Participant: 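Right, I'll just put the structure down here and ask away after.
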Amino acid sequence: MSDNTNQQWGGRFNEPTDAFVARFTASVEFDQRMYLQDIRGSIAHAKMLTKAGVLTEDERDDIIRGLGEIRIEIERGEFEWSVALEDVHMNIEAALTKKIGITGKKLHTGRSRNDQVATDIRLYLRDEVDLILEEITRLQQGLLGVAEREADTIMPGFTHLQTAQPVTFGHHLLAWFEMLSRDYGRFVDCRERTNIMPLGAAALAGTTYPIERDMTCELLGFSAPAENSLDAVSDRDFAIEFCAASSILLMHMTRMSEELVLWTSAQFNFINLPDRFCTGSSIMPQKKNPDVPELVRGKSGRVYGHLMSLLTLMKSQPLAYNKDNQEDKEPLFDAIDTVKGCLRAFADMIPALEPKKESMREAALRGFSTATDLADYLVRKGVAFRDAHEIVGKSVAYGIEQNKDLGEMTLDELAQFSDVITADVFDVLTLEGSVAARDHIGGTAPNQVRAAVARGEKKLAERQA
Ligand code: ARG
């Protein structure tokens, strides 16, 4: 066996691996981030092999001690990763053998890198999903805080980005809260299917040793051992599912981002983002740019891309493990990093939003946002809705001509369109009257917003329990 041929599998090879091929097929540069999961998995495996009578207790203890030392070396940046050793698994195993001798070579009994890597990725992703769930909750907590503070703040609500009806700012933010609640649920589901243990599947068919999968399963905190060895080593649907949940989350965050970008513009002027979340322009001194939401909006592209990569990677793969699957890690890891970064930026930024209430209110006063309220008023006075629609349409046309909103017209002006209009019409033409009237679960009335915040708080508290 040549020096250049991999120690762990070079036995049947007659010539060394081509230097480029060695680099081309190696994954250690990116899979080393799973070192902790790899070590955890190996310790559990060694304990199980001891119980099964394959390793002695002394051998097990040497392995655990050696892996502990390797972990410290990696964390101190003293570990030398070698591309010739291909991946994180063989790097750690080779280092262990170097440390404790022949016992290190026994660790891989009854195991293959195929079940090892599938186990490592699932452990890694499970822990990252837990962090993501916490971060979604933190962002939602921030939204509830602002929603409660701004339960009475009035802004225009839009359809087609045209002023439609007045809403409260708190109500608007609670719409975001709902999107994130569903995202949270998707990550919980993804975690459940991720938390299944491939270890024991070995290369593809299982192993001839008397392994005890329930034991490793418990040691590693998995909910169950995978039922089928062929499936266990080959499928990466959990990573695809993670990227799908991430894509939907990011899609929601692009919607929030887009609104934040619009709202900070001089044209809308609805909110101020504190300077610490913005940057300036090197040429235009007046500029303050909403970089954080813009960047989050842009980051969606890479996460959607990773979803497509993984779907394509998995497509048409025959059972069981194929080297294609080594390509699962970079998209998955980048999706994880991106989602965490976006959530962190938003969770920090949202509580610091500064609404410009006067400006929001003025925008709601423009654009005939209480036109529907006038129509509903006419209906209450006995006018058929279609006729009411027509009457209000004419009032609006008059308002456009006179440059007056409905609430700014005199009673005489309004009454020329319908004789049922009397002085009480002004109760419904005010912004406060309009939002307060939408007083049912899911409506924009300030007291409904406060009730929804209370329900949201309860929901978040139940997650912690
Ligand atoms: N580095 C490989 C991967 O990431 C580990 C499994 C390789 N197995 C094999 N028989 N070549 O998928």
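Ligands are counted one by one from 1 in listed order, and the atoms in each one are counted from 1 as well. All values reported here derive from a predicted model rather than from experimental measurement.
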Participant: If you measure from CE on Met253 to CZ on Phe346, what distance do you get to the nearest 0.5 Å?
Facilitator: 4.5 Å

Participant: Give me the one residue out of Arg344, Arg302, Arg33 that meets salt bridge (Lys or Arg N to Asp or Glu O under 4.0 Å) with Asp337.
Facilitator: Arg33

Participant: Enumerate the pairs of nitrogen or oxygen atoms, one from ligand 1 and one from the protein, separated by less than 3.5 angstrom; state names and distance to 0.1 Å.
Facilitator:
unit_1, atom_1, unit_2, atom_2, d
ligand 1, 1 (N), Ser27, OG, 3.2
ligand 1, 1 (N), Asp87, OD2, 3.0
ligand 1, 1 (N), Gln326, OE1, 2.8
ligand 1, 4 (O), Lys329, NZ, 2.5
ligand 1, 8 (N), Asn114, OD1, 2.9
ligand 1, 10 (N), Asn114, OD1, 3.3
ligand 1, 12 (O), Tyr321, OH, 2.4

Participant: Among pairs that include at least one residue of residues 259-278, which meet salt bridge (Lys or Arg N to Asp or Glu O under 4.0 Å), considering only residues two or more places apart or in two chains?
Facilitator: Asp275-Lys288

Participant: Taking Lys329 first and then Asp87, would you say they form a salt bridge - that is, a charged N and a carboxylate O separated by under 4.0 Å?
Facilitator: no

Participant: Can Tyr124 and Phe333 be said to form a ring-ring contact (aromatic ring centres under 6.0 Å, His included), step by step?
Facilitator: CA-CA 10 Å; Tyr124 185 86; Phe333 294 160; 5.1 Å; yes

Participant: Do Asp62 and Thr103 have a side chain donor and acceptor closer than 3.5 Å?
Facilitator: no

